[in-house]
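Working notes, beginning with the structure itself.
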Amino acid sequence: MFVEYQKKKDYGVIYLNRPEKRNAISKEMAAMLGTVLNKAKKEEIKFLVLTSKDNKVFCAGGDLTYLHGNLSREEAYARLNPMKEILYKIALFPVPVIALLNGNALGGGCELATACDIRIARNNTKFGFIQANLGILPGWGGGTLLYNKVSSSFALEWLTEAKVLDSQLLEKKGWINRIVKEHDIDDMDVLLKDYISKSYRQMRLLKDQHIKSWTNRNLFFEMTEEVKKTAMLWDSEEHKQAIEKFLLRK
Ligand SMILES: CCCC(=O)SCCNC(=O)CCNC(=O)[C@H](O)C(C)(C)COP(=O)(O)OP(=O)(O)OC[C@H]1O[C@@H](n2cnc3c(N)ncnc32)[C@H](O)[C@@H]1OP(=O)(O)O
């Protein structure tokens, strides 16, 4: 299974489990994410963790063999939009969602992490909103979400420069909440003890307050606009060339 869900005593964990493709999100994985999120939502969990099953890569973004460069704008929209729905579900999940970033993330992988409420990263990890280097923009709604998570000027800088940044810098910028040592990341009960010690009701109320704090009031609409704008860039020459370069690199 490319996506697994485990219910622990107090919390749920979603594992991305496609290490051979660096957890690149395929059509099937997007559907599986939807299924496990619906399942987790029905359970009395204090929080939800999203992480990678292995400790190498958190997520390499959209699967470029599915999101390839020869799609029309309409096809690109249809293939991008399901992940926007997933990111929106995560953002509005009734209790906090914690991204346990036990590996690097690129492109849509950073969008997925941004949809979560809290990001805890393993030491020496790197993250890149690199979409602008591929001739597109974030296309799952993660660019819109980024503006709710960090300063507006840093969001614009990161999205425009499209650099891969290290976790230390991203902690200073507020995108990463906490950095943990490599050997500490696996023990979730210890790592997340300050969340486990609170009640289910407290966690629901805290998440509700968090959602109300967002400056972006029209989230669903603006995330959808982002998908449309990225779909419009899909057939650009810059994008076609960037995808071809990756797919033919070996
Ligand atoms: C709106 C969504 C926008 C997006 O997300 S666009 C996608 C942005 N992501 C990227 O451009 C990342 C592309 N991947 C990479 O740069 C590298 O694979 C990465 C993550 C640094 C890992 O490097 P390495 O550890 O050296 O592994 P590798 O390159 O040999 O890859 C191992 C296998 O995984 C595959 N893979 C990695 N990222 C993928 C992706 N995004 N889509 C589809 N397949 C992907 C890669 O093709 C390779 O497969 P295979 O072994 O050749 O069959």
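Start at 1 with the first residue, then count along the sequence. Atoms within a ligand are numbered from 1 in the order they appear, just like the ligands themselves.
- For Asp166, the side-chain hydrogen bond (donor to acceptor under 3.5 Å, both in side chains) criterion is met by no residue, not counting sequence neighbours.
- In this structure a side-chain-to-backbone donor-acceptor pair under 3.5 Å is missing from Lys89 to Leu37.
- Using a non-hydrogen distance threshold of 4.0 Å, Met83 does not register as a contact of ligand 1.
- For atom 34 (O) of ligand 1, the nearest non-hydrogen atom of the protein is Lys21 CA, 3.2 Å.
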Name every donor-acceptor pair, under 3.5 Å, that has one atom in a side chain of residues 24-35 and the other anywhere in the protein, sequence neighbours excluded.
residue	atom	partner	partner atom	Å
Ser26	OG	Glu28	OE1	3.3
Ser26	OG	Met29	N	3.2
Thr35	OG1	Ala31	O	3.1

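- For ligand 1 and Arg249, the ligand atoms under 4.0 Å from any heavy atom of the residue are 28 (P), 29 (O), 30 (O), 31 (O), 46 (C), 47 (O), 48 (C).
- Atom CG of Asp184 sits about 13.0 Å away from atom CD1 of Ile179, to the nearest 0.5 Å.
- Looking at atom 10 (C) of ligand 1, its nearest protein heavy atom turns out to be Ala60 O, 3.7 Å.
- Of all protein heavy atoms, the one closest to atom 17 (C) of ligand 1 is Phe246 CE1, 4.3 Å.
- Cluster membership for Leu156 and Leu165, using ILVMFWY side-chain heavy atoms within less than 4.5 angstrom, is shared.
- Put simply, the side chain of Asp63 reaches to within 4.5 Å of the side chain of Arg18, judged on heavy atoms.
- Nearest to atom 22 (C) of ligand 1 among the protein's heavy atoms is Arg22 CG, 3.9 Å.
- At the top of the distance list for atom 51 (O) of ligand 1, counting protein heavy atoms only, stands Lys250 NZ, 3.6 Å.
- Proximity to Ile130 (heavy-atom distance under 4.0 Å) selects the following atoms of ligand 1: 10 (C), 11 (O).
- In this structure, Lys163 is not positioned above the aromatic face of Phe129 in the sense of NZ or CZ being under 6.0 Å from the six-membered ring centre and within 45° of the axis.
- The closest approach between any non-hydrogen atom of Leu106 and ligand 1 is below 4.0 Å.
- At the shortest separation from atom 33 (C) of ligand 1 among protein heavy atoms lies Glu20 O, 3.2 Å.
- Of the protein's heavy atoms, Gly62 O, 2.9 Å lies nearest to atom 41 (N) of ligand 1.
- For atom 7 (C) of ligand 1, the closest non-hydrogen atom of the protein is Leu64 CD2, 3.7 Å.
- Every atom of ligand 1 with a heavy atom of Glu111 under 4.0 Å away is listed here by number and element: 1 (C).
- Checked for salt-bridge contact, Lys53 and Glu4 meet the test: a charged N lies under 4.0 Å from a carboxylate O.
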